[in-house]
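Below: the structure, in structure tokens.
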Amino acid sequence: MTDPYDILGVARSASNDEIRKAYRSLAKRLHPDLNPGDPTAEEKFKQITGAYDLIGDPEKRKRFDAGEIDEEGRERPPQWDDRSYYRDYADSGSSGYGESQGYGDFGNEDDFLAEFLRRNAQARANRPGEDLHYRLGVTLAEAIKGGQKRITMPGGSVLDVTIPAGITDGKMLRLARKGTAGAGTGSPGDALIEIEVLPDARFSQEGSDLTMDVAISISEAVRGGKIRVPTPTGTVEMTIPARSSSGTKLRLRGQGAPMGGGKRGDEFVRLSIVLPKEPDPALEEFVERWESGKAHNPREVTS
Amino acid sequence: MTLEEFSTQFGIEMGTLRLWIEKRWVIAESGTLREIDVARARLVRDMQIDLGVNDEGVDIALHLIDQIHDLHRAMAELQQKLKL
């Protein structure tokens, strides 16, 4: 048995009133009938009651302080000897208390409750596994064409992921039952794969539209012609109109990035006239003799 | 146990005890207390004398305690049904 002052949490110099207050606040929390669901409450309550019996009574406290009686040797009033509490009887059946109000009608709905509790217990025993999350980067070409990808999930399992054609950035793929295993008969969780479409460095991208600079020769610029230009998934043939200038933007409809719903944005080809690297005497001689060319000032606004 | 016996043993005046019975805190069929009634009367005594709970407080506490035990009983019945 520990010191009764320690049990009640009061100083040895505490007044009788302080001791009574300390006991009351502990007893309110620990009285077994105010804690019907706590089996340890009775033992704790006995301890504080025993301590209070001793130092809560000024006469006994004096004798205890003087060492005339110890914690064990004191007499205890009969009502604290192995008493039974109301809670020991209250659960056992028709006692005349409670019942008529509150949850008196509880039993009428027990079919529903029984079902609820049964499902609850079953759900706990057979709960489904957790979903696994993963981020998967795909190239722009893969996003357009779709395809297969093999990935290693955080748990170490290997998954083959089918990427649908035309997928867009941020889309979530759900692979049913590829997450962590469930408990009991619980189904496994899903693998959730968030798609990140990686930009294609050859293009500048704005939304689902792509832009690319393509070099053309003077000859192509003057006479026009067909050239092959890259797209995200390959190359296509494109017609350059005669008399094209640098900076002219030509549209390749539907060759941009996926925009959802099976549609694609456009690719824009921006022409850039490039002169031959080596000096070309014939070209220089022509330009020297090209009078109307010398007279043309492209910086003048013409209507 | 008779009311007189309880009164003597636990130091509760007969008038107070009758008040408890009137308030339906304690049942005393034909002037006697069953074990459960003694236990309940002692709970009332603890609350009023040791814990300093006033009449209203005792009323509320008993009402809530009754509901907890009714729930316990209902749960026990359900558990019993689930075992079958």
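First the proteins, then the strands, lettered A, B, ... as listed; each starts at 1.
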Name every donor-acceptor pair, under 3.5 Å, that has one atom in a side chain of residues 160-170 of chain A and the other anywhere in the protein, sequence neighbours excluded.
unit_1: A:D160; atom_1: OD1; unit_2: A:R150; atom_2: NE; d: 2.8
unit_1: A:D160; atom_1: OD1; unit_2: A:R150; atom_2: NH2; d: 3.4
unit_1: A:D160; atom_1: OD2; unit_2: A:R150; atom_2: NH2; d: 3.0
unit_1: A:T162; atom_1: OG1; unit_2: A:Q148; atom_2: NE2; d: 2.8
unit_1: A:D169; atom_1: OD1; unit_2: A:V197; atom_2: N; d: 2.8

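Surrounding NZ of A:K171 are at most 12 heavy atoms belonging to other residues, nucleotides or ligands under 6.0 Å away. Taking a 6.0 Å sphere around NZ of A:K263, one finds it holds 12 or fewer heavy atoms contributed by other residues, nucleotides or ligands. Remark: A:E130 CD is loosely packed, at most 12 non-hydrogen atoms of other residues, nucleotides or ligands lying under 6.0 Å away.
Using a 4.5 Å heavy-atom cutoff, the side chains of A:Y97 and B:R24 are not in contact. Residues B:E35 and A:D88 form no side-chain contact, since every pair of their non-hydrogen atoms from C-beta on lies 4.5 Å or further apart. Taking 4.5 Å as the limit, every side-chain heavy atom of B:D50 sits out of range of all side-chain heavy atoms of A:R24.
Taking all atoms of both residues into account, the shortest heavy-atom contact from B:I65 to A:D33 is CD1-O, 3.4 Å. The shortest heavy-atom contact between B:A39 and A:S84 is CB-O, 4.1 Å. Scanning all heavy atoms of the two residues, the minimum distance from A:K28 to B:L51 falls at CE-O, 3.4 Å.
Partners of A:Y5 under the ring pair (Phe, Tyr, Trp, His ring centres under 6.0 Å) rule, at least two apart in sequence or in another chain, do not exist in this structure.
Heavy atoms of A:R87 lying under 4.5 Å from chain B belong to its backbone as well as its side chain. Heavy-atom distances place no part of B:E29 under 4.5 Å from chain A, backbone and side chain included. Heavy atoms of B:V26 lying under 4.5 Å from chain A belong to its backbone as well as its side chain.
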